[in-house]
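Here is the structure we will look at.
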Amino acid sequence: MRWDSQLVDASDGDALPGLEGSRGLIRRFDTPEFRGMEFLEVTSRSALNKVPGNGFMGGAWTINPYRGCQHACVYCFARNTHTYLDLDAGADFDSRVVVKVNVADALDAELTRKRERPERVLLGTNTDPYQRAEGRYRLMPGIIGTLARHGVGISILTKGSLLRRDIPLLAEAAERVPVDLAMSIAVFDDALQASVEPGTPTTAARLATVRAIRDAGLACTVLMMPVLPWLTDSEEHLDQAFAALAEAGATAVHTTALHLRSGAREWYLAWLRREHPHLVSRYEELYTGGANATRDYQDWLRDRVRDVRRRHRLEVHEERRRRHPAPVPAAVEEIEPTLF
Ligand code: SF4
């Protein structure tokens, strides 16, 4: 691997590919606790990223304490970002995770010296800040505490039930700065969830996390996305999902159809060929125009979802949208017209 020359025992390490703000790889290990995983620990000079451009996310500030994600969702559109690190978008993305071990200290130093202070910082826009590694590294408490201390709003999107650990801290932070929390829960069929999101906590565990957040008096948006054509778009599945989300106390629910950009597309279609081969040709037709499903499908899905969400009183009113903005990831923002 190109990184080999940058290991700690190497004589002179420049920045890792794609981590130019980092001092270099300081340690690499795998552990019985996380069999099959490799953690590549780096120290970073900076924690904050500013999203370039004028798009919906343009100008937003983000923090990504981890690169790569053990949650291993087959459809994950962040996969391609691993190739910037000279790692592959498939198995490497799931099992070789870069950890910015000094992220809270770097953030503190950056906010102390920065003239331009972010109003709000988004976490979870690239990879999941509450993936299992967070149980070991405990980077989030430091990040949350630092942001609150500097008066910066916090917006977190996760599939990780580990967020429950930090609810007291988030409730405390919410007394000083705006805190927006969003849980991603897309699949309400246990076998399918284990197959398509093999490293994630169960749907039940994530619903329990939504409930715990609400019990602590905080709002919790749910991103029920992606909706997987012919796998999770049935009336029955959507109805079951919205019933469970309403029962858990979700403050708002957003859905969108599966987005298949390069990196995710190859990985997802390979999974589909293995697990649901009868659907492959239908998907090829549905995504013939690129990363988005056809407009007809999106319109059909929007109408179906609208009826179900009405039934469960989870309509997305403008007022609700304004008060509980979903911290949607950058890749979702690029397909914002399909978000409903
Ligand atoms: S949790 Fe999010 S970042 Fe992690 S693999 Fe799944 S979709 Fe990707």
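Note that the structure is a prediction, hence the values are computed from the model and not measured.
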Looking at every non-hydrogen atom in both residues, tell me the closest pair between C76 and A264 and how far apart they are. O-CB, 3.3 Å
Side chain to side chain contact (heavy atoms under 4.5 Å, CB included) for R117 and H150? Distances and angles first, verdict last. CA-CA 9 Å; R117 172 155 314 180; H150 284 274; 4.1 Å; yes
Any side-chain heavy-atom pair of V98 and L85 under 4.5 Å: yes
Check ion pair E134-R165 (N to O, under 4.0 angstrom): yes
Could you walk me through whether T288 and E285 pass side chain to side chain contact (heavy atoms under 4.5 Å, CB included), step by step? CA-CA 5 Å; T288 190; E285 207 174 312; 5.6 Å; no
Between L231 and V187, is there a side-chain heavy-atom distance shorter than 4.5 Å? no
Separation between CG of D105 and CD of E110, rounded to the nearest 0.5 Å: 12.0 Å
Smallest separation among heavy atoms of G59 and K50, with atom names: O-CE, 3.7 Å
Kindly write out the residues that satisfy ring pair (Phe, Tyr, Trp, His ring centres under 6.0 Å) with W271, not counting sequence neighbours, or none if the list is empty. Y268, H276
Quick one: closest heavy-atom pair of P118 and L111, and the distance? CD-CD2, 3.8 Å
Side chain to side chain donor-acceptor pair (under 3.5 Å) partner of Y75, chosen from E197, H259, R265: E197
Would you call V101 and V42 a side-chain contact if the rule is heavy atoms closer than 4.5 Å? no
Could you please spell out the steps behind the side chain to side chain contact (heavy atoms under 4.5 Å, CB included) verdict for T43 and K100? CA-CA 6 Å; T43 53; K100 294 183 188 169; over 6 Å; no
In Å, rounded to the nearest 0.5 Å, how long is the span from CG of N102 to OG of S44? 6.0 Å
Quick one: are I154 and R120 in side-chain contact, heavy atoms under 4.5 Å? no
Any side-chain donor near an acceptor of the partner, Y297 and D233, under 3.5 Å: yes
Close side-chain approach of N49 and I63, heavy atoms under 4.5 Å: no
No-hydrogen, no-angle side-chain donor-acceptor test under 3.5 Å, D166 and Y130: yes
How long is the straight-line distance from CZ of R306 back to CG of L301, given to the nearest 0.5 Å? 11.0 Å
Once you round to the nearest 0.5 Å, how far does CZ of R295 lie from CD of Q298? 4.5 Å
Strictly distance-based, threshold 3.5 Å: is any side-chain N or O of R67 a donor or acceptor partner for the main-chain N or O of F93? no
Side chains of T200 and R206: any donor to acceptor distance under 3.5 Å? yes
Could you state the interatomic distance from OG1 (T294) to CG (L286), rounded to the nearest 0.5 Å? 4.5 Å
Donor-acceptor side-chain pairing of H71 and D128 below 3.5 angstrom: yes
If only atom types and distance count, is the side chain of Y137 paired as donor or acceptor with the main-chain N or O of P65 below 3.5 Å? no
Counting distance only, does the side-chain N/O of T251 pair as donor-acceptor with the main-chain N or O of C220 below 3.5 Å? yes
Hey, does the side chain of Q193 reach the backbone of A186 with a donor-acceptor pair shorter than 3.5 angstrom? no
For the pair D94 and W267, evaluate side chain to side chain contact (heavy atoms under 4.5 Å, CB included) and give the outcome as yes or no after the intermediate values. CA-CA 12 Å; D94 302 340; W267 202 243; 4.0 Å; yes
Would you check if V99 and L139 make a side-chain contact, meaning some heavy-atom pair closer than 4.5 Å? yes
Tell me, do D108 and R149 make a side-chain contact under 4.5 Å, heavy atoms counted? yes
State, to 0.1 Å, how close M225 and S184 come at their nearest heavy-atom pair, and which atoms those are. O-OG, 4.0 Å
Contacts table for residues 209-216: side-chain donor-acceptor under 3.5 angstrom, sequence neighbours left out:
| unit_1 | atom_1 | unit_2 | atom_2 | d |
| --- | --- | --- | --- | --- |
| T209 | OG1 | A205 | O | 2.8 |
| R211 | NH2 | E247 | OE1 | 3.2 |
| R214 | NE | G249 | O | 2.7 |
| R214 | NH1 | L218 | O | 2.9 |

For the side chain of Q131 and the backbone of G68, is there at least one donor-acceptor N/O pair under 3.5 Å apart? yes
Write down the atom of L192, the atom of T232, and the distance for their closest heavy-atom approach. CD2-CG2, 3.6 Å
Does CD in E172 sit with more than 12 non-hydrogen atoms of other residues, nucleotides or ligands closer than 6.0 Å? no
Of all residues at least two apart in sequence or in a different chain, which pass the side-chain hydrogen bond (donor to acceptor under 3.5 Å, both in side chains) check with R138? none
Please find the pair of heavy atoms, one from F39 and one from A133, that lie closest to each other, and give the distance. CE2-CB, 3.5 Å
Report yes or no: does H237 contribute a side-chain atom to a donor-acceptor pair with the main-chain N or O of F188 at less than 3.5 Å? yes
So does E119 have more than 12 non-hydrogen atoms from other groups sitting under 6.0 Å from CD? no
Between D88 and R79, does any NZ, NE, NH1 or NH2 come within less than 4.0 Å of an OD or OE carboxylate oxygen? no
Backbone N or O of L123 within a donor-acceptor pair of the T62 side chain at under 3.5 Å? no
About how many Å separate CZ of R309 and CE of M224, when rounded to the nearest 0.5 Å? 9.0 Å
Please report whether the ring centroid of W230 lies less than 6.0 Å from that of Y283. yes
Short question: side chain of Q70, backbone of S95 - any donor-acceptor pair under 3.5 Å? no
Lys/Arg N to Asp/Glu carboxylate O, R311 vs E235, below 4.0 Å: yes
Would you say the side chain of D180 lies within less than 4.5 Å of the side chain of T221, judging by non-hydrogen atoms? no
Hey, is the main chain of A78 close enough, under 3.5 Å, to the side chain of T81 for a donor-acceptor pair? yes
Backbone of Q240 reached by a side-chain donor or acceptor of H312 within 3.5 Å: no
